[in-house]
Amino acid sequence: MDKVSVGFSVFFEEPFWVGVLERETDGKLFASKVTFGAEPKDYEVNEFLRKNYYRLRFSPAVEAAAKVSSKNPKRILREVRRQIQNTGISSKSQQALKLQQEEGKLERKLLSREAREAKAQQKFEQKQQKKKEKHRGR
């Protein structure tokens with residue numbers, strides 16, 4: 001049976017409030033970053049996740065160490081309290097988001113190169129056409 005773990009953290013990253021959704025499936029971590037304007041209320045975050053979960057773009061998979069959770073309720077409460085006080089993104093999430101950013105960067109680079117080459121080719125063809133028009137019949 002597959003085990004899926006999902007966590008959503010909201011924190012202030014100058015000058016905006018940012019939310020990071022971490023999804024762990026089969027030992028692989030996927031992350032997605034969402035930028036909010038003003039500080040979102042709990043119900044706004046909940047509504048956003050319900051409406052836009054399937055539209056979020058998750059990063060490529062990053063290997064995540066399997067977490068063994070203890071069943072002691074007091075320990076679980078202490079861990080939750082620590083997570084609430086801890087601000088920021090986990091390092092695995094940062095790696096996943098960085099991977100996603102690098103992929104986007106490569107894709108943009110490729111598209112701009114193709115556009116630049118197409119523009120140069122079009123300019124070359126215009127020059128050739130102009131040359132042919134000048135040397136008509138002579």
Can you tell me how far the OG atom of Ser32 sits from the CG atom of Leu97, to the nearest 0.5 Å?
7.5 Å
Arg23 and Val6 have their tightest heavy-atom pair at CG-CG2, 4.1 Å
Cluster companions of Leu77 among Ile, Leu, Val, Met, Phe, Trp, Tyr (side-chain spacing under 4.5 Å):
none
Mind checking side chain to side chain donor-acceptor pair (under 3.5 Å) for Arg55 and listing every partner two or more places apart, or none if nothing turns up?
Asn52
Contacts of Gln101 that satisfy side-chain contact (heavy atoms from CB on, under 4.5 Å) - sequence neighbours left out
Lys98
If you link ILVMFWY side chains whenever their heavy atoms are less than 4.5 Å apart, which other residues fall into the same cluster as Tyr43? By chain and number, please.
none
For Glu103, the side-chain contact (heavy atoms from CB on, under 4.5 Å) test, sequence neighbours excluded, returns Pro60
The criterion is side-chain contact (heavy atoms from CB on, under 4.5 Å); which residues satisfy it with Phe124, sequence neighbours excluded?
Gln121, Gln128
Do you know which two heavy atoms are closest between Ala96 and Leu29, and how far apart they sit?
CB-O, 4.4 Å
Quick check on the hydrophobic clustering: are Leu49 and Val10 connected, directly or via other members, by side-chain heavy-atom contacts under 4.5 Å?
yes
Would a 4.5 Å heavy-atom cut-off, applied to side chains only, mark Lys134 and Lys131 as touching?
no
The remaining residues in the hydrophobic cluster of Leu106, counting side-chain heavy-atom contacts under 4.5 Å among Ile, Leu, Val, Met, Phe, Trp and Tyr, are none
Quick note, salt bridge (charged side-chain N to carboxylate O under 4.0 Å, His left out) partners involving residues 118-130, not counting sequence neighbours, are none
Sequence neighbours excluded, which residues qualify as salt bridge (Lys or Arg N to Asp or Glu O under 4.0 Å) partners of Lys28?
Glu63
State plainly whether one hydrophobic cluster holds both Val34 and Phe30, where clusters connect Ile, Leu, Val, Met, Phe, Trp and Tyr through side-chain heavy atoms under 4.5 angstrom apart.
yes
Could you list the residues that satisfy side-chain contact (heavy atoms from CB on, under 4.5 Å) with Leu110, not counting sequence neighbours?
Arg113, Glu114
Has Phe12 got more than 12 heavy atoms of other residues, nucleotides or ligands less than 6.0 Å from its CZ?
yes
Residue Glu107 excluded, over 12 heavy atoms near CD under 6.0 Å:
no
Would you say Tyr54 and Val45 are hydrophobically clustered, going by side-chain heavy atoms of ILVMFWY under 4.5 Å?
yes
Under the ring-ring contact (aromatic ring centres under 6.0 Å, His included) test, residues paired with Phe48 that sit two or more places apart
Phe36
Check for me, please, whether Val4 and Phe8 land in the same ILVMFWY cluster - side-chain distances under 4.5 Å, paths through other members count.
yes
By salt bridge (Lys or Arg N to Asp or Glu O under 4.0 Å), Lys51 pairs with (sequence neighbours left out) Glu47
What one should report as the nearest heavy-atom pair of Trp17 and Pro40 is CB-CD, 3.9 Å
Of all heavy-atom pairs between Glu44 and Glu39, which one has the smallest distance, and what is that distance?
OE1-O, 4.2 Å
To the closest 0.5 Å, what do you measure between CZ (Phe58) and NZ (Lys33)?
15.0 Å
